[in-house]
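Just below is one structure, and these are the notes that go with it.
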There are 2 protein chains.
Amino acid sequence: MPLSLPVPDLVSLDLLRSVAEFGSIRQAAIAHNVSQPAASMRLKSLEKSLGLTLLDRSGGNARLTPAGAAVVEWSAQILEGVSELLVGARALRREGQSSLRVAASMTVAEYMVPVWLVKLNSVVPDISVSLQMGNTEQVAEIIRSQKADIGFVEGWSVPHEFNHRIVADDDLAVVVPPDHPWAHRKKVVTAKVLASTPLILRELGSGAREVLGKALEAHGLQPLPFVEVGSNTAIKAMVLSGVAPGVLSSFVTKAEVETGRLVVVKTRGVSLDRSIRAIWSKGGEQTPSAKRLLKLISDGR
Amino acid sequence: MPLSLPVPDLVSLDLLRSVAEFGSIRQAAIAHNVSQPAASMRLKSLEKSLGLTLLDRSGGNARLTPAGAAVVEWSAQILEGVSELLVGARALRREGQSSLRVAASMTVAEYMVPVWLVKLNSVVPDISVSLQMGNTEQVAEIIRSQKADIGFVEGWSVPHEFNHRIVADDDLAVVVPPDHPWAHRKKVVTAKVLASTPLILRELGSGAREVLGKALEAHGLQPLPFVEVGSNTAIKAMVLSGVAPGVLSSFVTKAEVETGRLVVVKTRGVSLDRSIRAIWSKGGEQTPSAKRLLKLISDGR
DNA sequence: GAAAGCTATAAGCTTTCCTTATGCCACTTT
DNA sequence: AAAGTGGCATAAGGAAAGCTTATAGCTTTC
């Protein structure tokens with residue numbers, strides 16, 4: 001469902017944050033390289049679109065009202081997300097031409113890499129990072145052929161060929177829309193039922209597919225694809241439309257599960273835990289930038 | 001620091017999400033009440049501004065490229081934040097005229113209420129909620145005078161007069177910029193040093209001020225305000241400028257601490273833990289909507 | 001092979017947004 | 001008390017962005 005209109009403007013929210021930071025519209029305008037009247041008008045139209053008075057202009061300086069302070073805090077999360085999007089897009093754009101070349105599986109690229117990159121950028125401001133995406137198998141190939149300095153994958157099979165380190169835990173989840181029979185709180189699905197139900201899955205070569213395959217193989221079973229899709233987003237959209245259950249990383253489904261648009265199905269006898277690993281070539285030494293990134297991921301600094 | 005340009009457009013990101021959802025530009029355009037060429041041009045300019053190909057238009061339908069799928073996921077967090085901002089702004093706008101009247105201290109309003117309201121809205125779509133903000137003392141007065149159905153406060157003193165329930169834990173943190181002497185990893189500040197250092201504080205009547213006062217009182221001390229400010233945002237801005245240490249909820253400082261722009265000072269003998277409580281009048285029965293909200297906060301559904 | 005569905009381009013118009021110029025206000029300095 | 005400084009708003013004019021309708025081309029489906 002689209003956002004309810006009117007939608008505020010990102011530049012205006014950013015500008016408001018600068019007003020909070022500098023204490024005046026004028027200085028915020030300078031920081032944004034626009035004229036003071038432009039900033040003034042932007043803020044006024046933001047107030048109009050939200051229907052709130054954000055600034056108290058009665059003194060010499062403009063000061064945030066309580067509502068303004070709230071909007072600034074509410075915007076902080078949005079602007080943080082925008083920073084991540086921008087840094088992620090920049091890394092994708094570089095296509096492997098950079099001082100630190102990262103390759104990541106779709107899930108890792110979508111849910112973890114931008115956060116890492118924003119932090120890395122704040123610690124090492126002038127580093128240039130590129131990001132290459134693929135499924136677990138493709139990432140392995142990129143590392144194998146030295147086209148990236150460090151890779152991130154899910155699943156078990158690949159790491160033995162490389163140096164590796166676990167950087168996070170993840171697990172798969174079988175998800176359905178809330179009106180699906182499996183969505184009932186007391187319903188528990190067995191490996192046998194799961195294997196005999198057509199599922200929306202990632203393609204062979206993906207970490208998700210591998211883990212599900214291994215989990216069912218333990219019972220002498222194998223998954224029955226309703227359809228195979230190359231992107232988590234596409235699977236989510238299909239599951240939401242109700243055509244079949246899907247199997248996805250819990251990272252992928254987190255937001256939808258929290259808002260109740262998807263339900264995680266309880267399973268028995270199906271082991272869907274997995275780890276996310278950094279991998280790098282056994283041949284040479286790790287590059288300093290790659291080491292720095294790994295340290296940041298492990299320590300948080 | 002302002003965002004790095006060019007900044008993508010929220011409507012375009014929302015539109016891209018709809019393309020992922022519906023599987024075609026045309027249907028996304030319909031969902032957004034714009035013409036198909038308008039949607040097409042918006043998406044093209046989004047691609048240009050990010051420097052990435054987001055859609056594969058080679059078949060009959062447009063389909064997301066891997067980069068497009070990544071951008072959709074990166075956008076999801078942003079759009080979620082925008083939903084929260086919009087619902088929060090709408091609640092503030094109603095100024096107590098609604099079927100569920102919520103009053104909350106600044107910290108709770110800034111960091112928790114919008115999430116609750118988005119969830120509540122998805123469970124009870126046609127509910128109208130208003131939000132009144134103030135410090136802990138003002139919220140108590142609003143509840144006392146029946147101008148809100150439920151209130152949320154920090155600190156200890158107020159609840160005894162009302163029915164109450166703990167809904168979250170929070171604690172205060174003394175924060176400084178990274179170049180401050182107290183920022184050193186091994187530095188530990190005692191109650192005595194803290195009380196003799198001018199601090200940037202919230203005003204009397206705020207939950208933060210009360211908790212700090214109580215913590216120092218246990219040593220026969222009291223805080224020494226460098227300045228008293230009415231908003232968390234303003235305190236943060238001042239602390240970042242380096243004039244003095246500040247005392248803030250850990251919610252407020254979370255983002256800045258994670259990015260390293262603020263450092264939490266280790267303290268000894270200063271008890272800054274506190275709870276966040278829902279409070280409501282002891283007189284009558286709780287309204288059904290208020291009960292629903294409380295259930296949602298406790299259960300998550 | 002016709003039909004249906006989807007997307008891109010073009011033309012024309014409206015709206016938005018920015019800059020410069022200017023005036024007023026509040027607070028500070030002398 | 002008067003002048004100075006920093007700050008905000010309004011107005012006018014011009015540039016740019018965005019939308020709609022009309023149209024044409026492409027792909028998949030029946």
Side-chain angles (χ1 to χ4, degrees), chain A residues 2-3 5-50 52-65 67-68 72 227 229 234 237 241, chain B residues 2-3 5-65 67-68 72 227 234 237 241:
Chain A
L3 292 170
L5 301 174
V7 177
D9 189 79
L10 282 175
V11 176
S12 301
L13 296 179
D14 196 26
L15 190 64
L16 184 68
R17 186 189 55 169
S18 292
V19 174
E21 182 181 346
F22 295 116
S24 88
I25 296 177
R26 182 180 156 73
Q27 303 210 44
I30 293 170
H32 284 252
N33 274 312
V34 295
S35 66
Q36 171 265 318
S40 220
M41 291 185 306
R42 256 191 158 3
L43 291 166
K44 182 175 287 185
S45 84
L46 177 64
E47 287 182 309
K48 190 179 169 192
S49 98
L50 293 178
L52 297 172
T53 302
L54 305 175
L55 296 171
D56 171 13
R57 293 138 165 112
S58 69
N61 282 32
R63 280 185 328 236
L64 289 176
T65 61
V72 167
V227 62
V229 184
S241 80
Chain B
L3 292 170
L5 301 173
V7 177
D9 190 77
L10 283 175
V11 175
S12 301
L13 296 179
D14 196 28
L15 190 64
L16 184 68
R17 186 189 55 171
S18 292
V19 173
E21 182 181 346
F22 296 114
S24 89
I25 296 178
R26 180 179 156 74
Q27 304 209 44
I30 293 170
H32 284 253
N33 273 311
V34 294
S35 67
Q36 171 266 317
S40 220
M41 291 186 303
R42 263 202 125 74
L43 292 165
K44 182 176 288 184
S45 84
L46 176 64
E47 287 181 310
K48 189 179 169 196
S49 100
L50 293 178
L52 297 170
T53 302
L54 304 175
L55 296 171
D56 172 11
R57 295 145 166 103
S58 69
N61 282 30
R63 278 187 328 235
L64 288 177
T65 61
V72 167
V227 63
S241 80

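Lettering of chains follows the sequences in order, A, B, ..., and the numbering in each one begins at 1. Quick caveat, the model's predicted, so the values are computed rather than measured.
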**Asked** Which atom pair, heavy atoms only, marks the closest approach of B/D9 to B/R42?
**Response** OD2-NH2, 2.8 Å

**Request:** Could you tell me which non-hydrogen atom of A/D14 sits nearest to which non-hydrogen atom of B/P2, and how far apart they are?
**Result:** OD2-CA, 3.4 Å

**Asked** Using a cut-off of 4.0 Å between protein heavy atoms and nucleotide atoms, how would you tag nucleotides 9-30 of chain C 5' to 3' with B, S and -?
**Response** B--------BBBB----S----

**Fill in**
For residues 23-33 of chain B, the side chain to side chain donor-acceptor pair (under 3.5 Å) pairs (sequence neighbours left out) are B/S18-B/H32

How far does [atom1] of [X] sit from [atom2] of [Y], to the nearest 0.5 angstrom?
{"X": "A/L43", "Y": "A/L54", "atom1": "CG", "atom2": "CG", "result": "8.0 Å"}
{"X": "B/T65", "Y": "B/D56", "atom1": "OG1", "atom2": "CG", "result": "7.5 Å"}
{"X": "A/L50", "Y": "A/L46", "atom1": "CG", "atom2": "CG", "result": "4.5 Å"}
{"X": "A/L16", "Y": "A/I25", "atom1": "CG", "atom2": "CD1", "result": "9.5 Å"}

Between [atom2] of [N] and [atom1] of [X], the distance in whole Å:
{"X": "B/L15", "N": "D/dG18", "atom1": "CG", "atom2": "P", "value": "13 Å"}
{"X": "B/L46", "N": "D/dA17", "atom1": "CG", "atom2": "P", "value": "15 Å"}
{"X": "B/L43", "N": "C/dC6", "atom1": "CG", "atom2": "P", "value": "15 Å"}

**Request:** Using both distances under 3.5 Å as the test, list the Watson-Crick or G-U wobble partner of D/dC30, or none.
**Result:**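 Per the H-bond distance test, C/dG1.
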
**Item:** For DNA chain C, the residues among residues 19-32 of chain A that have a non-hydrogen atom under 4.0 Å from it
**Value:** none

**Message:** Can you confirm whether B/V7 sits close enough to B/L5 that some side-chain heavy atom of one is under 4.5 Å from a side-chain heavy atom of the other?
**Reply:**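 A side-chain contact exists here, since the closest heavy-atom pair is under 4.5 Å.
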
